[in-house]
Number of protein chains: 2
Amino acid sequence: MKLSELKAIQLAELFSALSDASRVRIISLLLDGEMGVGTLAEKLNMTESAVSHQLRGLRQMRFVRARKAGRQVFYRLDDDHVEKLYRMGLEHVEHG
Amino acid sequence: MKLSELKAIQLAELFSALSDASRVRIISLLLDGEMGVGTLAEKLNMTESAVSHQLRGLRQMRFVRARKAGRQVFYRLDDDHVEKLYRMGLEHVEHG
DNA sequence: GTAATATATGAACGCTTGCTCAACTATTCA
DNA sequence: TGAATAGTTGAGCAAGCGTTCATATATTAC
């Protein structure tokens, strides 16, 4: 199947969003519902800065969405495609 | 959902295999059936060396499998999970 | 107002990645 | 055998990525 260069790039960008262990773990936590940056950082044993940087990328890809409440920012998954991709990948890893 | 560090890394590696436009295009061509390295290189407008390097990574991930015939090496997809991931990603890109 | 908290941002650094180029192996043909 | 073909491999390099660190912004508490 011929694939245009543009769509190849878009596909690659899509999968790139899931191509880092930190981002995968962020997404795995957000599967349970929204969570603040500090809590994510604590659970992942990462600095808030590192988490914030990753969330920025995920936000730009429309993978997550932010909700501001006071001085906290809660993030949640923005797209159920993400969850589908994640679960299919996990299935492959677990008994592929 | 808690995700072990190991599985996070494995998932990230899985998606990394699809996180480059050249590899995505290689896979898109192999969806139609097996193809030699030279033909792939020609269709993708890449050098055989570059294609071969990418195929090596895809081979190590068990995404593709090689069949040697004379001095040619034909590659094909090794796993239908790959095709599923690819199609789901494409769906997201095309009307997400 | 000031201090403290929660997050975002930019620069810098080290690591990874995908390519090119040259050299190499393996196979076919004469 | 020697030349040509198909592919692989390793080194090297430029570009990209993920982190840390320092600084900035926004909000709340006093």
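Numbers restart at 1 for each chain; the letters A, B, ... are given by sequence-line order, proteins then strands.
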For this session: Using the side-chain hydrogen bond (donor to acceptor under 3.5 Å, both in side chains) rule, collect all pairs that involve residues 26-48 of chain B, keeping only residues at least two apart or in two chains.
Result: E34(B)-R67(B)
For this session: Please collect all ring-ring contact (aromatic ring centres under 6.0 Å, His included) contacts where either partner lies in residues 77-96 of chain B, sequence neighbours excluded, each pair once.
Result: H81(A)-H92(B), H92(A)-H81(B)
For this session: Report the residue (V51(A) or G70(A)) whose heavy-atom-nearest nucleotide on DNA chain D is the more 5′ of the two.
Result: V51(A)
For this session: For the pair L30(B) and V82(B), evaluate side chain to side chain contact (heavy atoms under 4.5 Å, CB included) and give the outcome as yes or no after the intermediate values.
Result: CA-CA 11 Å; L30(B) 296 183; V82(B) 181; over 6 Å; no
For this session: Could you check how far CD of Q72(A) sits from P of dT7(C), rounded to whole Å?
Result: 5 Å
Exercise. Looking across every strand, which nucleic acid part, if any, lies under 4.0 Å from E48(A) by heavy atom: base, sugar-phosphate, or nothing?
Worked result: base
For this session: Taking all non-hydrogen atoms of both residues into account, name the closest pair between F15(B) and L85(A) and its distance.
Result: CZ-O, 3.3 Å
Exercise. Roughly, in whole Å, what's the span from CD in E42(A) to P in dA6(C)?
Worked result: 11 Å
For this session: For residues V73(B) and A66(B), report the shortest heavy-atom separation together with the two atoms involved.
Result: CG1-CB, 3.8 Å
For this session: Hey, could you give me the CZ/NE2 distance between R56(A) and H53(A), rounded to the nearest 0.5 Å?
Result: 8.0 Å
Problem set entry | salt bridge (Lys or Arg N to Asp or Glu O under 4.0 Å) partners for D78(B), two or more places apart | R65(B)
Exercise. Counting any heavy atom closer than 4.0 Å, what does F74(B) reach on the DNA or RNA strands: base, sugar-phosphate only, or nothing?
Worked result: nothing
Exercise. Near DNA chain C, which residues from residues 14-34 of chain A have a heavy atom under 4.0 Å away?
Worked result: none
For this session: Please lay out, stage by stage, how L11(B) and L18(A) fare under the test side chain to side chain contact (heavy atoms under 4.5 Å, CB included).
Result: CA-CA 8 Å; L11(B) 254 182; L18(A) 291 164; over 6 Å; no
For this session: Return no unless some side-chain N or O of Y75(A) is found under 4.0 Å from OP1 or OP2 of dA8(C).
Result: yes
For this session: With sequence neighbours excluded, tell me which residues meet side chain to side chain contact (heavy atoms under 4.5 Å, CB included) with E83(A).
Result: L31(A), R87(A)
Exercise. Does any residue of residues 58-65 of chain A have a heavy atom under 4.0 Å from DNA chain C, and if so, which ones, in number order?
Worked result: R59(A)
Exercise. Residues two or more places apart in sequence or in another chain: which of them pass salt bridge (Lys or Arg N to Asp or Glu O under 4.0 Å) with R59(B)?
Worked result: none
Exercise. So, for L55(B) and V64(B), which heavy atoms are closest and what is the spacing to 0.1 Å?
Worked result: O-CG2, 4.0 Å
Exercise. In Å, rounded to the nearest 0.5 Å, how long is the span from CE of M88(A) to CE of M88(B)?
Worked result: 3.5 Å
Problem set entry | Pairwise side-chain hydrogen bond (donor to acceptor under 3.5 Å, both in side chains) hits with a residue in residues 8-26 of chain B, at least two apart | E5(A)-R25(B), R23(B)-Q54(B)
For this session: Take the protein atom CG of L40(A) and the nucleotide atom C1' of dA6(C), then report the distance between them rounded to whole Å.
Result: 13 Å
Seminar exercise, completed: Students should find that the nucleotides of DNA chain D closing off the region near chain A, any atom under 4.0 angstrom from a heavy atom, are dG18(D) to dT28(D)
Seminar exercise, completed: The contact string for nucleotides 20-26 of chain C, one letter per nucleotide 5' to 3', using protein heavy atoms under 4.0 Å with B, S and - for base, sugar-phosphate only and none, comes out as BBB---S
